[in-house]
Amino acid sequence: MTTTSLHVKPGTEWAAVLGRAAHRTPEAFGTDRLHNLVDGSWRPIGDPETLVSPVDGSKLIGLPKVSAGEAQHAVLASAAAHRAWATTPVAERKARVTAAVDAMADARDDLALLLAWEIGKPWKLACADVDRALDGVRWYVEEIDGMLGDRTPLDGPVSNIASWNYPMSVLVHAELVQLLAGNAVIAKTPSQGGATCLTLAHALMAREGLPVTLLSGGGAELSSVLVRSPEVGALAFVGGRSNGGKVAAGLLDTGKRHMLEQEGLNAWGIWEFSDWDGLAAHLKKGFEYGKQRCTAYPRYVVQRELVDQFLATYLPVVQSLRFGHPLAVESDDDDLPVLDFGPVISAGKATELRDRVADSMHRGAVPLWRGSLADGRFIAGQDTSAYVAPAALLSPGGASALMHSEPFGPVDTIVVVDSEAELLAQMNASNGALVASLACDDEDKAHRLAREVQAFKVGINKPRSRGDRAEPFGGRGASWLGCFVGGELLVQAVTQGPAGELLYGNFPEHSRYPASI
């Protein structure tokens with residue numbers, strides 16, 4: 001464990017960052033709590049619950065949770081704002097969204113530092129989260145006229161419920177595009193993290209006259225309002241399968257337009273393959289943010305004849321990972337550390353992951369690698385209860401939770417197979433996933449196998465959306481962004497160009513999905 005003279009870099013302490021955010025937008029911050037944004041104004045409503053940083057267990061600020069009644073009032077106010085915004089000329093919408101993006105660009109470093117403290121993102125990845133949101137919206141500002149055509153906004157505002165891991169590049173990005181399309185937006189703050197970053201971002205959006213609503217509260221209490229209210233024109237949900245299932249059930253009899261993105265055990269199948277150097281680059285990048293991404297690959301399904309070669313590539317990568325306190329430096333003028341990941345989202349999640357590893361081993365899994373917190377980069381005496389060292393297990397037992405569900409942490413499982421049928425069965429172990437990839441030298445065979453993989457996107461000799469600025473592996477990586485334009489959900493593909501820039505454009509085969517997918 002590296003501890004010698006490490007300390008938080010001056011100017012990046014929580015108190016300093018929070019102070020700058022509150023100075024920039026004082027209307028959104030109380031002395032001990034965040035405010036909720038309702039009907040264009042910030043209100044000190046709701047009972048606060050103290051947020052705790054996964055970085056070092058320190059207390060951050062109070063997150064006030066509103067009641068269902070208060071949320072219903074906010075929805076009604078948003079519906080009224082939506083009617084006015086829907087008639088606002090596109091040129092004015094573009095000007096206001098651009099002004100909000102410019103304001104967030106000016107606050108970019110503090111937005112990223114808030115993410116570091118609230119959800120444990122290393123500096124480089126926190127910056128990427130912010131930059132990806134702003135760069136993407138700038139592209140939409142240029143292209144929205146052609147996308148709109150003769151379509152009109154929805155009948156009501158878009159309700160957004162998103163997970164905590166990408167507050168800017170998923171939630172804020174989606175809201176700004178929905179606003180460009182003429183829709184007011186409502187967002188629920190994730191309970192687990194990102195609230196302060198989202199508060200600053202939404203304060204800057206509201207200052208530019210954008211019809212945005214930001215509410216904090218429990219999903220169980222607010223779901224009926226944010227999902228089923230007749231005033232809501234559409235719902236966008238990103239999160240776990242359990243909560244997604246409840247949301248889907250709540251929508252059954254409403255006919256409401258919706259987009260649901262849910263978790264699954266993303267698998268990378270390796271069959272009759274030889275480009276190990278190409279794969280190694282992905283394996284390293286795949287551990288970014290401790291695999292706390294809906295597009296991470298925690299499962300590798302490997303042909304038995306290739307296991308030795310796979311492990312010769314894989315193990316040096318996992319043994320080289322750097323993790324620890326995202327903001328710790330040795331000297332005041334040092335750059336912030338370049339880490340693969342920091343903590344997981346909470347001490348409770350860390351305990352769950354360790355218990356799952358132990359249970360899997362009890363059921364017969366073979367530990368190929370288990371790192372130690374002693375290998376981490378920490379400040380002397382800091383709370384490390386939310387940190388998990390990387391682990392890789394061979395052949396988890398069939399009854400093990402790691403066999404069928406996504407760990408959402410730096411824990412990989414490797415399954416050995418002998419036939420194509422076994423390969424497909426093990427890749428489909430969770431009965432559906434967001435992404436999957438196949439590494440196979442015979443591209444025709446890979447495409448044939450891919451047709452049997454139960455995933456929304458399947459890459460052939462390349463990852464399908466590994467997160468921020470994915471490096472291409474045998475081709476271009478891609479991810480997906482959705483926005484509601486008129487009565488349709490427009491899905492965009494995001495690819496990386498040859499110079500590393502992000503390129504956005506309609507996915508040629510499916511540029512417009514039906515609003516329910």
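- Here the closest non-hydrogen pair linking R93 and A86 is NH2-O, 3.8 Å.
- Residues D106 and R24 are paired through a salt bridge, judged by an N-O separation under 4.0 Å between the basic side chain and the carboxylate.
- Within the 4.5 Å cutoff, no side-chain heavy atoms of C127 are placed close to those of V130.
- Using modelled atom types, one side-chain atom of S346 and one backbone atom of K349 make a donor-acceptor pair closer than 3.5 Å.
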*asked:* Could you walk me through whether R356 and S405 satisfy the side chain to side chain donor-acceptor pair (under 3.5 Å) test, starting with their C-alpha distance in whole Å, then the side-chain angles of each, then the deciding distance to 0.1 Å, before giving a yes or no?
replied: CA-CA 11 Å; R356 286 192 172 190; S405 61; 3.2 Å; yes

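- Summarising the geometry of Q292 relative to I345, their closest heavy-atom pair is OE1-N, 3.0 Å, with the distance given to 0.1 Å.
- Contact check on D131 versus R108 returns a salt bridge, with a Lys/Arg side-chain nitrogen under 4.0 Å from an Asp/Glu carboxylate oxygen.
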*Walk me through it: do L215 and T189 pass the test side-chain contact (heavy atoms from CB on, under 4.5 Å)?*
CA-CA 6 Å; L215 300 174; T189 304; over 6 Å; no

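- Judged by distance alone, the side chains of N160 and Q178 do bring a donor and an acceptor atom under 3.5 Å apart.
- For D32, the CG atom is densely surrounded, since the number of other residues' heavy atoms within 6.0 Å is greater than 12.
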*Would K94 and D145 count as a salt bridge (Lys or Arg N to Asp or Glu O under 4.0 Å) if you check the C-alpha gap in whole Å, the side-chain angles of each, and the deciding distance to 0.1 Å?*
CA-CA 10 Å; K94 290 164 64 174; D145 295 274; 2.7 Å; yes

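- Within the 6.0 Å centre-distance limit, the rings of F341 and F323 are counted as a close aromatic pair.
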_Checking K188 against S216 for the side-chain contact (heavy atoms from CB on, under 4.5 Å) test, could you report, in this order, the C-alpha distance in whole Å, the side-chain angles of both residues, the deciding distance, and whether it holds?_
CA-CA 6 Å; K188 189 183 95 63; S216 300; over 6 Å; no

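- Inspection of the H7 and D332 side chains reveals an N or O donor paired with an N or O acceptor under 3.5 Å.
- Using modelled atom types, no side-chain atom of R299 and backbone atom of W268 make a donor-acceptor pair closer than 3.5 Å.
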*asked:* Please determine whether side chain to side chain donor-acceptor pair (under 3.5 Å) holds for the pair H82 and E231, giving the CA-CA distance in whole Å, both sets of side-chain angles, and the decisive distance to 0.1 Å.
replied: CA-CA 10 Å; H82 174 83; E231 294 82 9; over 6 Å; no

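- Nearest approach of P190 to L198, heavy atoms of both residues: CD-CD1, 3.5 Å.
- With contacts defined as side-chain heavy-atom distances shorter than 4.5 Å, the pair V55/L327 does not qualify.
- Heavy atoms of other residues, nucleotides or ligands lying less than 6.0 angstrom from CG of D102 number more than 12.
- Heavy-atom minimum distance, S191 versus G217: OG-O, 3.6 Å.
- By the 4.5 Å heavy-atom criterion applied to side chains, P407 and T413 are not counted as neighbours.
- Here the closest non-hydrogen pair linking N266 and P298 is O-CD, 3.2 Å.
- The six-membered or imidazole ring of Y297 lies near that of H282, with a centre-to-centre distance under 6.0 Å.
- Judged by a 6.0 Å distance limit and a 45° cone about the ring axis, K291 is positioned over the six-membered ring of F287.
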*Decide yes or no on side-chain contact (heavy atoms from CB on, under 4.5 Å) for H404 and L265, but give the supporting numbers first.*
CA-CA 7 Å; H404 302 284; L265 183 61; 5.7 Å; no

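- In this structure, L6 and F378 have side chains that are not in contact, with every pair of non-hydrogen atoms separated by 4.5 Å or more.
- In this structure a side-chain-to-backbone donor-acceptor pair under 3.5 Å is present from W117 to T12.
- At a threshold of 4.5 Å between non-hydrogen side-chain atoms, the residues T351 and R354 count as touching.
- By the 6.0 Å contact criterion, CG on D109 is enclosed, its count of non-hydrogen atoms from other residues, nucleotides or ligands being greater than 12.
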In a table with atom names and distances, give each donor-acceptor pair under 3.5 Å that connects a side chain of residues 58-65 to protein atoms at least two apart or in another chain.
| from | atom 1 | to | atom 2 | distance (Å) |
| --- | --- | --- | --- | --- |
| S58 | OG | D56 | OD1 | 2.6 |
| K65 | NZ | E49 | OE1 | 3.4 |

*Given salt bridge (Lys or Arg N to Asp or Glu O under 4.0 Å), test E27 with R207 step by step and report yes or no.*
CA-CA 10 Å; E27 66 274 18; R207 284 188 167 197; 2.8 Å; yes

*Apply side-chain contact (heavy atoms from CB on, under 4.5 Å) to L34 and W42, showing your working.*
CA-CA 9 Å; L34 304 172; W42 290 94; over 6 Å; no

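- Ion pairing of D340 with K285 is absent here, as no side-chain N (NZ or NE/NH1/NH2) approaches a carboxylate O to less than 4.0 Å.
- You'll find the side chain of V185 stays beyond 4.5 Å of the side chain of P211, heavy atoms only.
- A salt bridge is absent between R43 and E70; no separation between the charged side-chain nitrogens and carboxylate oxygens falls under 4.0 Å.
- Taking every heavy atom of both residues into account, A347 and A386 meet most closely at N-CB, 3.7 Å.
- Stacking of K121 on the aromatic ring of Y166 is recorded, both the 6.0 Å distance cut-off and the 45° axial limit being met.
- Side chain to side chain, R96 and T88 fail the donor-acceptor criterion of an N or O pair below 3.5 Å.
- Between W123 and L113 there is a side-chain heavy-atom pair separated by less than 4.5 Å.
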*May I have the step-by-step check of ring pair (Phe, Tyr, Trp, His ring centres under 6.0 Å) for H173 and Y140, ending in yes or no?*
CA-CA 10 Å; H173 179 281; Y140 275 99; 5.7 Å; yes

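- In this structure the side chain of Y387 reaches within 4.5 angstrom of the side chain of Q382, judged on heavy atoms.
- At least one donor-acceptor pair under 3.5 Å links the side chain of D129 to the backbone N or O of S169.
- Crowding of K284 atom NZ: a count of heavy atoms from other residues, nucleotides or ligands under 6.0 Å exceeding 12.
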